[in-house]
2 protein chains.
Amino acid sequence: MSDDRWEPPAILLAVDLVILTLRDSRLHVLLVERGIEPYKGAHALPGGFLQHSQEGLVAAAHRELAEEADLDVETLRLEQLGVYDDPDRDPRGRVVSVAFLAIAPRLPEPTAGTDAADAGWHPTDRVLSGDVRLAFDHRRIVADGIERARAKLEHSALATAFCGPTFTITELQDVYEAVWGMPLDPRNFYRKIKKTDGFILPAGSARKAATGRPARLFRAGPREVLYPPMIRPVDSPNGKEPVQ
Amino acid sequence: MSDDRWEPPAILLAVDLVILTLRDSRLHVLLVERGIEPYKGAHALPGGFLQHSQEGLVAAAHRELAEEADLDVETLRLEQLGVYDDPDRDPRGRVVSVAFLAIAPRLPEPTAGTDAADAGWHPTDRVLSGDVRLAFDHRRIVADGIERARAKLEHSALATAFCGPTFTITELQDVYEAVWGMPLDPRNFYRKIKKTDGFILPAGSARKAATGRPARLFRAGPREVLYPPMIRPVDSPNGKEPVQ
DNA sequence: TTAATAGTGTCTATTAGACAATATGTC
DNA sequence: GACATATTGTCTAATAGACACTATTAA
């Protein structure tokens with residue numbers, strides 16, 4: 001610990017938010033355009049410093065999201081993603097940032113707030129590929145957030161958080177396909193979802209049909225943890241052969 | 001973000017360490033006896049404040065571990081466990097703590113360092129049950145660390161980190177049984193482990209036998225991610241609580 | 001009717017789980 | 001020999017994956 005004359009180090013605490021949503025069956029992340037230096041004009045995750053010593057991290061995250069993107073944030077469930085503390089990650093000095101992850105259903109285009117020149121959804125693949133360049137270490141944070149979402153889709157009912165209050169099983173499959181980045185067999189998916197007790201519940205009668213048979217509607221069920229889990233087809237994990 | 005006359009809040013950053021090991025087939029956690037207020041004399045996780053503004057979190061964790069428990073810490077791989085930021089968690093003021101998790105093979109009894117009156121291994125069940133009371137919110141942190149270890153045993157080769165350089169399959173099973181807290185069938189376990197390519201590699205010939213047939217020796221293989229995963233028998237699909 | 005999507009059924013290869021049988025050491 | 005633990009084998013129920021088939025709407 002410390003002796004009595006020890007001087008607390010000057011370290012700033014910040015929060016960064018990875019907000020993911022689905023638009024046109026593609027995974028998108030919420031980015032702002034930075035209005036101040038450093039990285040002025042560059043894209044970045046919403047976020048900022050804790051404002052006073054009693055402010056909680058989650059409270060700060062909600063505040064920044066409201067300030068920068070004017071999103072209705074009450075319904076978002078923030079989950080701790082990790083701490084980013086590379087001493088050189090911010091040119092202003094030592095900034096330790098706690099990243100949060102949240103999943104949003106289809107939301108209206110956010111309006112720019114005060115601090116950020118612009119806020120909007122960007123396809124995650126354009127961020128990961130480097131086509132959209134992010135300030136600080138935010139690309140890494142986005143990558144970590146996506147990987148977390150992929151993993152959580154396997155073991156939790158997180159997928160329903162991407163959907164509105166009611167949804168079809170095909171819409172739910174769209175979520176899995178977009179986040180996992182791979183196609184799934186609709187028939188096996190349907191069977192697996194319906195056999196997982198408490199994952200989804202019937203919600204009224206059928207609806208929707210630009211064409212084809214109308215789909216039944218469901219809503220999120222009480223089950224949070226999926227057991228057995230949804231299985232993410234092997235893309236190429238750590239060197240396992242397709243078949244022995 | 002901030003305007004130019006904004007005063008940085010006085011927030012202290014700390015690290016806490018959950019070091020788990022196996023002793024007599026029971027899961028143990030490393031605790032120190034606090035030598036200073038608050039909670040002087042109580043058990044607590046090793047940890048402490050960042051000492052200067054350029055010190056990294058992992059570096060601080062290593063330093064504290066060396067100071068307080070005099071453990072050879074070079075081989076420990078620290079993994080971020082989470083951030084604990086309840087404004088009331090420390091009576092001295094606002095202390096935000098980053099917890100790390102590490103798994104240690106059987107280690108010698110640690111010797112007390114300078115800051116801590118005593119350091120030693122304590123069975124985790126006595127911590128979780130409340131028989132051993134911890135300072136601050138450290139009981140919660142230990143619980144989170146154990147749950148993380150349980151989950152990681154399913155999908156990673158973490159179990160080998162509990163073992164020495166070489167081990168038998170039965171010893172590996174002991175790890176799973178102790179961390180998961182449930183018995184496993186040795187024959188099915190044996191088959192499952194051996195069919196997972198790259199999990200373990202043969203290491204010399206047989207050895208060890210107080211009684212019974214000598215077991216073959218193995219060492220950790222290159223595989224880090226287990227696919228398909230080890231399956232934790234369902235005893236209660238305990239839900240994960242949302243991060244506050 | 002056709003087109004298009006929703007939903008069901010069926011077969012097969014794999015595997016988790018239960019547990020018998022055999023191997024190899026010490027006493 | 002008895003005993004204890006390690007290792008292999010075998011049977012069965014469950015299920016992921018592939019895919020044919022039926023159902024229900026709009027045009």
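Chain naming here is simple, since letters A, B, ... match the order of the sequence lines and numbering starts at 1 in each. What you see is a predicted model, and the numbers here were worked out from it, not measured in a lab.
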Inter- and intrachain pairs under ring pair (Phe, Tyr, Trp, His ring centres under 6.0 Å), touching residues 131-169 of chain B, at least two apart: A:His155-B:His155, B:Tyr39-B:Phe136, B:Phe136-B:His138
So if I take residues 153-163 of chain B and measure heavy-atom distances to DNA chain D, which residues fall below 4.0 Å? none
From OH of B:Tyr176 over to P of C:dG17, roughly how many Å is that when rounded to an integer? 14 Å
Spacing of A:Leu226 atom CG relative to D:dA16 atom C1', expressed in whole Å: 16 Å
Rounded to the nearest angstrom, tell me the gap between atom CG in A:Leu217 and atom P in D:dT25. 13 Å
side-chain hydrogen bond (donor to acceptor under 3.5 Å, both in side chains) against B:Arg191, all qualifying residues, sequence neighbours excluded: B:Asn188
Give A:Ile169 one of three labels, base, sugar-phosphate or nothing, depending on what nucleic acid heavy atoms sit under 4.0 Å from its own. nothing
Under the rule for side-chain hydrogen bond (donor to acceptor under 3.5 Å, both in side chains), what residues qualify as partners of A:Ser97, not counting sequence neighbours? A:Asp16
For B:Arg133, which residues count as a salt bridge (charged side-chain N to carboxylate O under 4.0 Å, His left out) partner, sequence neighbours excluded? none
How long is the line joining CZ of A:Phe167 and C1' of C:dA6, in whole Å? 16 Å
Within this structure, what is the CZ-to-P distance between A:Arg232 and D:dG17, rounded to whole angstrom? 13 Å
Between CE of B:Met230 and P of C:dA16 the distance, given in whole Å, is 9 Å
Residues two or more places apart in sequence or in another chain: which of them pass side-chain hydrogen bond (donor to acceptor under 3.5 Å, both in side chains) with B:Lys152? B:Glu79
Distance-only, no hydrogens or angles: does the B:Thr21 side chain make a donor-acceptor pair with backbone N or O of B:Ala104 under 3.5 Å? yes
Just the rounded figure in Å: distance from P of C:dG7 to NZ of A:Lys194. 8 Å
Output all residues satisfying salt bridge (charged side-chain N to carboxylate O under 4.0 Å, His left out) with B:Arg126, sequence neighbours left out; order by chain, then residue number. B:Asp131
Mind checking the OG1-OH spacing from B:Thr170 to B:Tyr190? Nearest 0.5 Å is all I need. 8.0 Å
Taken to the nearest whole Å, CG/A:Leu172 to C1'/C:dG7 is 15 Å
Pairwise N/O distances under 3.5 Å, protein to nucleotides 23-27 of chain C:
from   : atom 1 : to       : atom 2 : distance (Å)
C:dA23 : N3     : B:Arg213 : NH1    : 3.2
C:dT24 : O4'    : B:Arg213 : NE     : 3.4

Test ring-ring contact (aromatic ring centres under 6.0 Å, His included) applied to B:His28 - qualifying residues, sequence neighbours left out: none
Expected output is a numbered-order residue list: members of residues 183-193 of chain A with a heavy atom under 4.0 Å from any atom of DNA chain D. What is it? A:Asp185, A:Arg187, A:Asn188, A:Arg191, A:Lys192
Does OP1 or OP2 of D:dT7 have a side-chain N or O of B:Arg216 closer than 4.0 Å? yes
Just compare D:dA6, C:dA6, D:dG17 and give me whichever is closest to any side-chain atom of A:Thr170. C:dA6
Pairing residues for A:Asp185 by the side-chain hydrogen bond (donor to acceptor under 3.5 Å, both in side chains) criterion, not counting sequence neighbours: A:Arg187
ring-ring contact (aromatic ring centres under 6.0 Å, His included) partners for B:Tyr176, two or more places apart: B:Trp180, B:Phe189
